[in-house]
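Below is one structure, written out as structure tokens, with a few remarks after it.
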Amino acid sequence: MELLEKLNPQQKQAVTTDPGPVLVLAGPGSGKTRVLTQRVAYVIDRFDVHPYHLMAVTFTNKAAREMGERVAKLLGRQTRGLTLGTFHATCARILRVEAEHLPVDSNYVIFDADDQVKVVKQVIKDHNLDDKRYRPRSVHASISAAKNELYLPEDFPIDTYRAEVVARIYEDYQKTLLTSNAMDFDDLLLWMAILLEDYPSIREKYARRFEHILVDEFQDTNIAQYTLLKHLASYHRNIFVVGDADQSIYRWRGADYRNVMRFKKDFSEAEVILLEQNYRSTQTILDVAMAVIDQNTHRTPKRLFTEREAGPKVHVKELFDEREQAQYVVDTIARQVASKKAKPGDFAVMYRINAQSRLLEEAFLSANLPYKLVGAQRFYGRREVKDIIAYLRLIFNPHDEISLSRVIGTPPRGIGTKTYAQLRTHAQKLNISSGDLLADLAKGKESEHLSQFSTRAAKALSRFGRLLVKWLEDKDTLPPVEIMDQILEDVGYQDYLDDGSEEGRERWENVMELRRLASEYQTVGLQQFLEDVALVSDQDTLEEGADAPTLLTLHAAKGLEFSQVFIVGLNDGVLPHQRSFEDPEGMEEERRLFYVGITRAKDRVYLSHALNRYVYGHTEPGQPSRYYADIPADLRDDGRLARQQRRKSQVFRPWKKASPPPAKKVEAQYKAGMKIQHPKWDKGLVIGSKIQDDDEILDIVFDTVGLKKVIASLANLEVIE
DNA sequence: ATAAAGTGACTTTTT
DNA sequence: GTCACTTTAT
């Protein structure tokens with residue numbers, strides 16, 4: 001293969017190594033995607049393996065698609081039969097084929113995070129439990145964690161009273177799922193693992209079929225995923241995994257980087273290949289990244305090196321608040337774009353939590369600059385989108401209780417919570433699904449169950465039942481778009497949304513966008529549409545091409561690269577996040593997250609934090625992140641000091657080499673007891689003052705907002721008395 | 001049954 | 001400050 005020439009010796013070794021277990025430990029930017037892709041092509045071409053006998057698992061659908069395209073290009077032909085996708089998508093497909101061995105039918109639906117919490121909530125209610133004591137989200141997290149470790153309800157470890165209650169909820173949760181003919185995200189992995197473990201014939205079938213298995217982002221696999229991989233590889237033992245323990249950031253989702261150790265033990269003959277040379281970043285960026293990650297304990301030190309130049313220092317900036325931080329990001333980007341030093345698409349802005357995107361978006365919008373936002377929830381989480389998907393899901397699988405409960409009263413049609421509760425209870429008594437009962441009630445007077453309801457309720461239910469039956473008749477013959485059009489028309493969805501407001505119009509546009517997406521499923525059908533919709537990853541929503549900065553969480557940034565990267569909100573409590581403070585392992589993961597962010601950058605990194613943070617509406621003083629302390633001083637360019645320097649001399653004076661200018665002593669101008677006037681927060685009382693980094697930091701109690709930390713030179717204060 | 005008004009949790013991260 | 005859920009009024 002011609003492209004082998006472009007590989008370094010380690011990469012070449014990985015691509016061309018003999019069959020058998022292989023563990024590739026790949027640092028950031030070391031070309032692991034390229035290795036994986038070429039390995040797939042190599043196996044097909046040199047070992048003469050039919051694509052049908054090959055499975056490759058990636059972390060996102062987008063990565064899978066790209067890999068498929070590149071492999072086809074390398075081979076110069078299509079790769080029909082190749083199993084390529086995320087763990088979840090791949091399992092979903094196989095489980096449909098093997099549904100006869102499962103407690104669901106092959107047309108099961110996939111419950112997303114929202115649905116899962118709803119089921120938990122329902123069960124908690126049915127058990128008359130206090131949902132304050134048993135928070136649905138937290139109970140669901142326990143159930144999910146159990147599934148990821150392959151614990152069925154009866155295996156759920158009971159060590160506390162709470163665990164006992166959760167185990168009971170888990171049991172009913174699972175029952176609800178099965179009567180709804182549904183699987184949740186975790187089930188896809190769990191059942192696949194169970195199937196392979198408990199049915200030797202199925203294990204043999206797939207273990208023989210997959211002569212070669214390749215896995216990307218191996219450090220973020222959980223127990224269920226590891227187990228199913230182990231079984232799938234049990235016959236041929238040709239399993240090629242690529243990962244980097246330093247980039248493990250999904251522990252909270254059950255990912256266990258110790259799987260790397262397990263792999264070494266279970267496949268003791270495995271060849272281990274290290275990819276250390278970095279082809280992405282400047283040496284400065286790599287040095288900073290290493291300095292940061294070196295603070296973690298329990299890791300194998302790794303040296304990252306590049307042939308690239310040192311490059312500019314990492315830029316550090318302190319801002320007054322998050323609004324100014326957003327403005328600073330936009331300004332910095334705009335300036336470089338205006339001076340043609342960079343293109344808008346060269347930039348990415350990364351943050352710890354999604355909520356941080358709002359101020360950034362506002363700043364981009366008001367500057368009239370387009371941006372790309374990564375986050376599937378943004379679209380698929382919208383009420384109107386969920387409504388329509390729920391309708392489609394119900395038609396695809398009428399037993400889906402969660403979807404039914406969502407659509408039965410949307411738009412309002414005379415069926416409220418009371419009537420729905422009656423329907424559900426009655427159906428439970430009959431041991432059928434609410435959907436079945438509804439279909440029966442559609443028969444009108446013919447139905448023997450109609451008398452169970454009040455005249456009004458019976459009429460409304462019967463009417464809706466007839467709609468459902470009608471849609472069910474067409475579901476196999478019509479393409480998704482036409483089913484959708486039928487629903488929209490029959491329920492008058494546009495009129496329901498259109499209340500004359502801008503919001504209503506926007507919602508309808510979202511429905512139309514969903515319709516556009518559905519129209520791409522003309523041939524593959526409703527099942528595929530619903531499956532794809534359920535399993536989209538955030539990264540999948542990243543639109544290609546558009547030349548605009550990308551806004552994304554640090555998690556979503558994994559596997560991507562950008563010329564220039566902003567990491568904003570470097571405040572203690574945000575990055576690292578407060579929720580991890582108590583947990584040493586969690587703190588190590590926070591640091592890895594920061595490491596992942598830094599190593600996305602090819603040319604420049606900008607770090608920034610705000611002195612004041614918005615928290616639940618009001619502003620609170622914040623602390624710079626502890627991670628700053630780990631960045632070597634000579635690799636760091638502190639914008640705040642530079643700017644002050646400029647202001648004082650009124651002349652632009654770039655930093656001279658490493659020697660910092662002698663710290664000029666600043667005299668305190670304020671002292672405790674002074675009353676001052678602030679442009680935004682009005683009157684306040686100074687209660688403390690200290691000199692720090694060439695500036696005066698004041699503690700002031702304001703009448704309006706309480707205690708604040710204020711930088712004297714920036715705040716434009718006026719002394720009243 | 002439904003719309004409007006009020007209450008309280010909530011922010012990690014996502015397949 | 002926002003969202004989802006609950007209570008209240010129609």
Can you check the A:Gln356 CD to C:dG1 P distance for me, whole Å? 19 Å
Tell me: NZ of A:Lys132 to P of C:dC5, nearest whole Å? 12 Å
Given the options A:Ile169, A:Val120, A:Val166, A:His140 meets side-chain contact (heavy atoms from CB on, under 4.5 Å) only with A:Val120
Think [X] has a side-chain N or O under 4.0 angstrom from the OP1 or OP2 of [N]?
| X | N | answer |
| --- | --- | --- |
| A:Ser537 | B:dT14 | no |
| A:Thr553 | B:dT14 | yes |
| A:Asn354 | B:dT13 | yes |
| A:Arg135 | B:dC10 | yes |
| A:Thr419 | B:dA1 | yes |
| A:Lys121 | C:dA4 | no |

Across all strands shown, which nucleotide pairs with C:dT8 by Watson-Crick or G-U wobble geometry, both distances under 3.5 Å? B:dA3
If pairing means Watson-Crick or G-U wobble with both distances under 3.5 Å, then the partner of B:dT13 is none
When all nucleic acid strands are considered with a 4.0 Å heavy-atom cut-off, which category describes [X]: base, sugar-phosphate, or nothing?
| X | result |
| --- | --- |
| A:Arg413 | sugar-phosphate |
| A:Arg251 | nothing |
| A:Ile415 | sugar-phosphate |

By nearest-heavy-atom nucleotide on DNA chain B, the more 5' of A:Tyr250 and A:Arg137 is A:Arg137
Using the P atom in both, what is the distance from B:dT13 to C:dA4, to the nearest Å? 15 Å
Around atom CD of A:Gln578, are there more than 12 heavy atoms of other residues, nucleotides or ligands at under 6.0 Å? no
Shortest side-chain distance from [X], nucleotide among [options]:
| X | options | result |
| --- | --- | --- |
| A:Thr86 | B:dA1, B:dT15, B:dC10 | B:dT15 |
| A:Arg358 | B:dT11, C:dT2, B:dT2 | C:dT2 |
| A:Lys418 | B:dT2, B:dT13, B:dA1 | B:dA1 |

Could you tell me if the side chain of A:Leu497 sits less than 4.5 Å from the side chain of A:Trp508, heavy atoms only? yes
Within 45° cone of A:Tyr108 ring axis and under 6.0 Å: A:Arg96 NZ or CZ: yes
Taking the six-membered ring of A:Tyr226 as reference, does the cationic atom of A:Arg258 (NZ for Lys, CZ for Arg) lie under 6.0 Å from its centre and within 45° of its axis? no
